[in-house]
Amino acid sequence: VQLQASGGGLVQAGGSLRLSCAAFGRADSHYVMGWFRQAPGKEREFVGAIQWSGGRTFYADSMKGRFTISRDNGKNTVYLQMNNLNAEDTAVYYCAADSAGTVGWGTILTKSQYQYTYWGQGTLVTVSS
């Protein structure tokens, strides 16, 4: 599976942005798709995840309420809608696929970058204050 993230850019604080992650190749229905981000000088951080089948979502506590993940199975694309952005949201955002599926869904496994097999190239989001 190849993943291609897009939609990043420069946005003012308080604004919104929607990122896309297109999957190319075989992405089985049991896959879990995750979003992570990495700010300069910081470790990669879990944002949220969605199940291809059923569309259940799971978010990091700090992302709840402002970030929403959705998917369009027909387009093999997962989205990350980000609202009310602030400077602390500035980061490179990555999408990833967990081929192990829903094993450990909603636990520390879903949040762990090591659970994910396939990664997109990342897209930069810069929030100006």
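Basis for what follows: all heavy atoms, side chains included, without hydrogens, waters or symmetry-related copies.
Between Arg71 and Gly54 the shortest heavy-atom distance is NH2-N, 3.4 Å. Taking all atoms of both residues into account, the shortest heavy-atom contact from Ser16 to Asn84 is OG-N, 4.2 Å. Nearest heavy atoms, Val125 versus Gly8: CG2-CA, 4.1 Å. Nearest heavy-atom pair across Tyr79 and Asp72 is CE1-CB, 4.0 Å. Heavy-atom minimum distance, Arg66 versus Leu85: NH1-CA, 3.9 Å. Contact record, Trp105 with Thr57: CZ2-C, 3.6 Å, taken as the closest heavy-atom pair.
How far CH2 of Trp119 is from SG of Cys95: 9.0 Å, rounded to the nearest 0.5 Å. One finds the NE2 atom of His30 at 12.5 Å from the CH2 atom of Trp52 (value rounded to the nearest 0.5 Å). Note that OH of Tyr114 is 13.5 Å distant from CG of Leu109, once rounded to the nearest 0.5 Å. Here the CG atom belonging to Leu17 is positioned 12.5 Å from the CD atom belonging to Gln12, to the nearest 0.5 angstrom. The CG atom of Leu19 sits 9.0 Å away from atom CD of Gln81, with the distance rounded to the nearest 0.5 Å.
Judged purely by atom type and a 3.5 angstrom limit, Thr90 uses its side chain to pair as donor or acceptor with the backbone of Val127. Counting only distance, with no hydrogens or angles, the side chain of Thr110 and the backbone of Gly106 share a donor-acceptor pair below 3.5 Å. When atom types are taken as modelled, the side chain of Asn73 and the backbone of Ser53 share no donor-acceptor pair closer than 3.5 angstrom.
Under a hydrophobic-cluster definition in which Ile, Leu, Val, Met, Phe, Trp and Tyr are linked whenever side-chain heavy atoms come within less than 4.5 Å, directly or via other members, Tyr94 and Ile69 are assigned to different clusters. Note: the hydrophobic cluster containing Phe46 does not contain Met82 (ILVMFWY, side chain heavy atoms under 4.5 Å, direct or indirect links). Linking ILVMFWY side-chain heavy atoms closer than 4.5 Å, directly or via other members, places Val78 and Val47 in a single hydrophobic cluster.
In the displayed structure, Gln121 atom CD is contacted under 6.0 Å by more than 12 heavy atoms of other residues, nucleotides or ligands. For Glu88, the CD atom sits in a loose shell: 12 or fewer heavy atoms of surrounding residues, nucleotides or ligands are nearer than 6.0 Å.
Between Phe58 and Val32 there is no side-chain heavy-atom pair separated by less than 4.5 Å. Residues Leu3 and Met33 are in side-chain contact: their nearest non-hydrogen atoms beyond the backbone lie under 4.5 Å apart. Taking the side chain as every heavy atom from C-beta outward, Leu80 and Phe67 approach each other to under 4.5 Å.
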Name each donor-acceptor pair under 3.5 Å that joins a side chain in residues 35-42 to protein atoms two or more places apart or in another chain, with its distance.
{"from": "Arg37", "atom 1": "NE", "to": "Glu45", "atom 2": "OE1", "distance (Å)": "2.9"}
{"from": "Arg37", "atom 1": "NH1", "to": "Asp89", "atom 2": "OD1", "distance (Å)": "2.8"}
{"from": "Arg37", "atom 1": "NH1", "to": "Tyr93", "atom 2": "OH", "distance (Å)": "3.0"}
{"from": "Arg37", "atom 1": "NH2", "to": "Glu45", "atom 2": "OE1", "distance (Å)": "3.4"}
{"from": "Gln38", "atom 1": "NE2", "to": "Lys42", "atom 2": "O", "distance (Å)": "3.1"}

